[in-house]
2 protein chains.
Amino acid sequence: MKEYFDLLLSTPLFSGIDPQDLYPMLHCLGANTVTIPKGDPVFLEGDAAGFIGVVMEGSVQVVQEDFYGNRNILTHAEKGDLFGEAFACANIETMPVSGYAVRDSKLLLLSCQKMLTVCSSACLFHNQLVKNMLKVVAQKNLEMNNKIRFMSQKTTKEKLMAYLLEQAKAAGSSEFTIPFDRQALADYLGVERSAMSAELGKLKKAGILDLKGSHFVLHRT
Amino acid sequence: MKEYFDLLLSTPLFSGIDPQDLYPMLHCLGANTVTIPKGDPVFLEGDAAGFIGVVMEGSVQVVQEDFYGNRNILTHAEKGDLFGEAFACANIETMPVSGYAVRDSKLLLLSCQKMLTVCSSACLFHNQLVKNMLKVVAQKNLEMNNKIRFMSQKTTKEKLMAYLLEQAKAAGSSEFTIPFDRQALADYLGVERSAMSAELGKLKKAGILDLKGSHFVLHRT
DNA sequence: GCTCCTTTGTTGGAAATCCAACATACTTTC
DNA sequence: GAAAGTATGTTGGATTTCCAACAAAGGAGC
C-alpha cells in the first residue's frame, strides 16, 4: 500500500496530515484495499453502507438504476477521488445506489464510523480528518448542484451546452476532455444517447464546437 | 434570541450540545438574526458565501435561476432546518444560487469560518459541531440524490410518482402534506406546471391517489 | 355578498424527445 | 488482415412535453 502514500497525501481527505501519521491513521481507519475488474460492481444498492472509497487506480462510477433499466450516473471518481463519502457520513444503513468499476481498479476502503470515533492511538488528527471530510462532502454537494443545473435545462442542446461550458470553466480552457463516452454522458445528463448524438452533430455543424471522441473544443461566437 | 434556544437545541446542528454552552457558542459563531418578509431574497446569486442559515420562523427556498427565467427549486427549509450549509463549507467565494423567504421569516445566520476555526472561549464543542455539520451536509446530499432520482425519470407522471412515493415513505404514511404549491412542485421536479396538473388529474381519475391542495393520499392498487 | 387576485385545471397546436432499427466507424482479438 | 464486437452517428414515426391562452375555483379584503 505504501506505493500509494503520495497519492493519498495529495487527496483532499488527507490534506494537512503529517506523512508520518498516515500509516497508523490508515490502520486506525480500518483501511483495506480491494481490486475490482472492469465492469464489476464495487457495491450494489442494498449493500451495507458506512465505508468511504478512495480510487487508487482506475475509476468508479456511482449510478442509480430503476425498474426499467434506466441508468443515471451520479458521480464519476478518477484516481485520487473519493466516492461513497456522503452515504457513509449520513448514517444510513444500506446504500441507495450502486458503484461500478469503469476500468480495472484498485480501491482503498475506509470505515466512516472509525473516522468519527476518537480512538486511542495516533489519532490526534481525527479532527483534521473530519474537517477535511466536511469540505469534501460539501464540494460533492456543489457537484450535484451542477448536475441538477444541467438536468433542469429544458432541451438536450441546452443540457449539453450547460455541461460543456461548466467543463470548460473547470478546465480553465475552451479545450478539454470529459470522462464519459457518449452513452455515459447521456446517462449523466438524463437524455437519449441517439438524440444527444444528433444534437452534438448540429452543434458541430453550427461551428459552436469541435469534438473528437471525448475531447471537446468550444468556439466563442 | 433566547426564545429560540429550545428550537436550536433540537436541530441536528446542535445535537449533543450542552444547553449551557449554547449561548457562548452562538456568540462565538458570530450569530445574528435577520427578519425577511415573504417573497424577499435572503441572499442572491453572486453574494458572498460563508454563512449557515437556520430557519427559526417561516420557510426558505433555495433556487437556481437561468437566463430564460426558469426557476429550479433546490431545497425547501422549514422551521428548524438549515440552508446554505454546503455552500458555506465548500470554501467558495460567491453563492451560485439564490434564497427566498416563502413566508415572513426569522433566520439565524452563523459564520462557517468561525465554526471551522478553534477559538479560545467555550468552544470545546467545536469538534462536536463539525461532526454534526458533516452529518447534516451528508444528509443534504442524500436529499439532492433523491431530487436527481425524481428528475431523471422520463415522464412527468413517473417524476410525480417517484416524488410522492418518497414523501409517503418519509412520512411513514400513505397520507401526507407536501411543502409545495403546484408551481413550486413543478419547479422542484423540473416540469411544466400545466402538464403536471393534467397528470395529477389523470392519476386521481385512475384511482391512484386523492389530493386536496397540498395534501395527498396514495392508494395501493 | 362582492370584487380583485392568486392558484389550479383544461385545451390544442408546435416543438422536442423517445425508441427502435440500421449504418458507419473504431477496437480488439486472433 | 479478417472478423467480431463495441461505440457512435443517422433516420422516421409515435409519444410526450412545452407553451400560451383561457376557464374555473378558492381566498383576502372591503
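Since this is a predicted model, take the numbers as computed values, not measurements. First the proteins, then the strands, lettered A, B, ... as listed; each starts at 1. Computed over heavy atoms, backbone and side chain alike; hydrogens, waters and symmetry mates excluded.
- You'll find the side chain of Leu82(A) reaches within 4.5 Å of the side chain of Leu13(A), heavy atoms only.
- Salt bridge Arg149(A)/Glu166(A): present, at least one basic N to carboxylate O contact under 4.0 Å.
- For Phe87(A) and Phe51(A), the ring centers sit 6.0 Å or farther from each other.
- The C1' atoms of five pairs define one axis at each end of the helix from dG1(C)-dC30(D) to dC30(C)-dG1(D), and these two axes lie 50° apart (to 10°).
- In this structure, Phe216(B) and Phe176(B) have parallel ring planes: the angle between them is below the 30° cut-off, well short of the 60° mark.
- For Arg103(B) and Glu57(B), the salt-bridge test fails: no basic side-chain N is under 4.0 Å from an acidic carboxylate O.
- In this structure, Lys212(A) atom NZ and dA25(C) atom C1' are separated by 12 Å, rounded to whole Å.
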What string of B, S and - do you get for nucleotides 7-17 of chain D, 5' to 3', when a contact is any protein heavy atom under 4.0 Å? -BBB------S
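- A 4.5 Å side-chain heavy-atom check between Ile92(A) and Gln139(B) finds every atom pair outside the cut-off.
- The shortest side-chain heavy-atom distance between Leu129(B) and Met25(B) falls under the 4.5 Å cut-off.
- Rounded to whole Å, the distance from NZ on Lys38(B) to C1' on dA28(D) is 11 Å.
- Counted by atom type alone, Asn70(A) and Lys154(B) present one or more donor-acceptor pairs between their side chains at under 3.5 Å.
- Between the CG atom of Leu189(A) and the P atom of dC18(C) there is a distance of 12 Å, given to the nearest Å.
- Rounded to whole Å, the distance from CZ on Phe216(B) to C1' on dT8(C) is 12 Å.
- We find that NZ of Lys204(B) is positioned 14 Å from P of dT8(C), with the value rounded to whole Å.
- Taking atom NZ of residue Lys202(A) and atom P of nucleotide dA15(C), one finds them 12 Å apart after rounding to whole Å.
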